[in-house]
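Written below as structure tokens is the structure these notes are about.
Atoms within each ligand, like the ligands themselves, are counted from 1 in listed order.
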Amino acid sequence: MRPSFYSGWKHVFKLDPDREIGDDALEAICASGTDAILVGGSSGVTFDNTVELMSRIRRYEVPCAFELSDPACAVPGFDGYFIPSVLNTKRSEWLIGHHVDALRDYGHLMPWESIVGEAYLVLNPDSTVARLTEADARIGSDAAVAYAQVADRLWNVPVLYVEYSGTFGDMELLSRIRASLKQAHLFYGGGIDGPDKAAQAARRADTVVVGNLIYDQLAAALATVHAVNQAVKEKDYVLRKR
Ligand SMILES: CC(C)=CCC/C(C)=C/CC/C(C)=C/CC/C(C)=C/CC/C(C)=C/CC/C(C)=C/CC/C(C)=C/COP(=O)(O)OP(=O)(O)O
Ligand SMILES: O=P(O)(O)OC[C@@H](O)CO
Ligand SMILES: [Mg+2]
């Protein structure tokens, strides 16, 4: 059986171990009613800053998972682990190469019951993750849907993550990707700057991820929790009436 600790998540906050957050802000985030805290970043993540952030989050009851993007940062004690692969990278190491190296060396240590593969479709060419992984983020919509279908229908990935980190994405494309999926759980992240954009994403994705806004405008970030829950209720109501 695949781990499914994330299956009921509608809203999550993503905290970056490489960024500072004060105790009051962290408490507000953890007690906000969000479904989980996702710890991750594409640069500057270390074992030490991950342990520090995890132990601070652990003061609260909210579930807490880690996006493991470097074997040197494999910190035990999270409720679950996501291991990202970038679908539209031009360099195969970010799709599979680093993973093979890590499993060759550490495969015997893997807590498989709490590990989930995460297929990233990186669509903001100016994001750190796009630059790091040399993602071909300027693909058109037809190609983006095709990537999503390869991951979902051919590879049966558990999670597809549509990543616009730093900018709000094309919601029409997100709808097309949603409609094309057979089984993958759909994460959306990028450029959510308040309740309105959070609701738009929640109408299409299974899980909405709010990142930078936490550090830029905490009150607006907190307001996204209610907006997502409300949008999901309305979506469920419409689906039930059909
Ligand atoms: C306790 C435990 C789990 C033990 C297991 C033992 C062990 C060491 C296992 C290793 C297993 C393994 C297969 C590891 C992965 C190896 C690896 C290097 C994979 C590559 C991952 C990858 C594609 C990284 C690229 C970056 C990426 C996609 C990161 C995800 C998070 C993300 C996009 C954050 C966005 O952050 P940021 O850049 O900060 O965004 P902003 O700029 O907008 O702020
Ligand atoms: O920081 P933002 O732009 O909200 O993006 C969230 C998340 O998708 C980043 O991996
Ligand atoms: Mg970040």
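Heavy-atom separations between Tyr161 and ligand 2 include at least one value shorter than 4.0 Å. Heavy atoms of Lys14 come nearer than 4.0 angstrom to ligand 1 in at least one pair.
Geometrically, ligand 2 and Tyr120 share no nitrogen or oxygen pair separated by less than 3.5 Å. The shortest N or O to N or O distance between Tyr164 and ligand 2 is not under 3.5 Å. Taking only nitrogen or oxygen atoms, main chain and side chain alike, Val209 does not reach within less than 3.5 Å of ligand 2. The shortest N or O to N or O distance between Leu213 and ligand 2 is not below 3.5 Å. Of the polar atoms of Gly211, at least one N or O is found under 3.5 Å from an N or O of ligand 2, judged by distance alone.
Heavy-atom contacts of Val129 reach the following atoms of ligand 1: 26 (C), 27 (C), 28 (C), 33 (C) (cutoff under 4.0 Å). Interface of Tyr106 with ligand 1, defined as ligand atoms under 4.0 Å from a residue heavy atom, comprises 7 (C), 8 (C). Residue Gly189 has at least one heavy-atom neighbour below 4.0 Å for each of these atoms of ligand 2: 8 (O). Counting the atoms of ligand 2 from 1 in the order shown, those under 4.0 Å from a heavy atom of Ser165 are 3 (O), 5 (O), 9 (C). Atoms of ligand 1 found under 4.0 Å from any heavy atom of Thr128 (numbered from 1 in listed order, with element): 38 (O), 42 (O). The atoms of ligand 2 that sit less than 4.0 Å from any heavy atom of Asn212 are 1 (O), 2 (P), 3 (O), 4 (O). Remark: ligand 2 atoms within the under-4.0 Å shell around heavy atoms of Gly191 are 2 (P), 3 (O), 4 (O). Against a heavy-atom cut-off of under 4.0 Å, Glu67 is close to the following atoms of ligand 1: 31 (C). Ligand 1 places these atoms under 4.0 Å from at least one heavy atom of Asp16: 39 (O). Which parts of ligand 1 touch Tyr120 is read off a 4.0 Å heavy-atom cut-off, strictly below it: atoms 30 (C), 31 (C), 32 (C), 33 (C). Of all atoms in ligand 1, numbered sequentially from 1 with element shown, those under 4.0 Å from a heavy atom of Glu163 are 33 (C).
At least one donor-acceptor pair closer than 3.5 Å links the side chain of His99 to the backbone N or O of Pro84. Proximity of a side-chain donor or acceptor of Asp18 to a complementary backbone N or O of Val45 within less than 3.5 Å is not detected. A donor-acceptor pair is defined here as one N or O able to donate and one able to accept, closer than 3.5 Å; such a pair exists between the side chain of Tyr81 and the backbone of Val75. Judged by distance alone, with hydrogens and angles left aside, the side-chain atoms of Ser42 form no donor-acceptor pair with the main-chain N or O of Thr128 at under 3.5 Å. Put simply, the side chain of Arg138 never gets that close to the backbone of Pro125: no donor and acceptor are under 3.5 Å apart. No donor-acceptor pair closer than 3.5 Å links the side chain of Asp136 to the backbone N or O of Asn88.
Atom NE2 in His226 sits 13.0 Å away from atom OG in Ser32 (nearest 0.5 Å). In this structure, Thr167 OG1 and Asn212 CG are separated by 11.0 Å, a value rounded to the nearest 0.5 Å.
Contacts with ligand 1 closer than 4.0 Å are made by heavy atoms of both the backbone and the side chain of Ser42. Of the heavy atoms in Thr133, only side-chain atoms (C-beta onward) come closer than 4.0 Å to ligand 1. Residue contacts with ligand 1, taken as heavy atom pairs separated by less than 4.0 Å, involve Asn212 solely via side-chain atoms from C-beta onward.
The closest non-hydrogen atom to atom 43 (O) of ligand 1, taken over Gly190, Gly211, Ser165, Gly80, comes from Ser165. Between atom 24 (C) of ligand 1 and the options Pro17, Gly97, Ser69, the minimum heavy-atom separation is to Ser69. Looking at Arg131, His99, Met110 and measuring to atom 20 (C) of ligand 1, the nearest heavy atom belongs to His99. If you check each of Gly166, Ala102, Pro111 against atom 13 (C) of ligand 1, the one with the closest non-hydrogen atom is Ala102.
In this view, Ala25 and Ile21, Leu218 satisfy the side-chain contact (heavy atoms from CB on, under 4.5 Å) rule, not counting sequence neighbours.
Under a cut-off of 6.0 angstrom, the local environment of CD1 in Ile115 is crowded, with over 12 non-hydrogen atoms contributed by other residues, nucleotides or ligands. Enclosure of atom CG in Asp236 by more than 12 non-hydrogen atoms of other residues, nucleotides or ligands within 6.0 angstrom is indicated.
For the pair Cys64 and Val39, the tightest heavy-atom approach, listed with the atom from each and the gap, is SG-CG2, 4.1 Å. Taking both residues in full, the closest heavy atoms of Ser141 and Arg176 are given as CB-NH1, 3.5 Å, listed atom of the first, atom of the second, then distance.
Just one of Leu38, Thr224, Val62 meets the side-chain contact (heavy atoms from CB on, under 4.5 Å) condition when paired with Phe13; it is Thr224. When the options Tyr6, Phe82, Tyr120 are evaluated for a ring pair (Phe, Tyr, Trp, His ring centres under 6.0 Å) with Tyr161, the one that passes is Tyr120.
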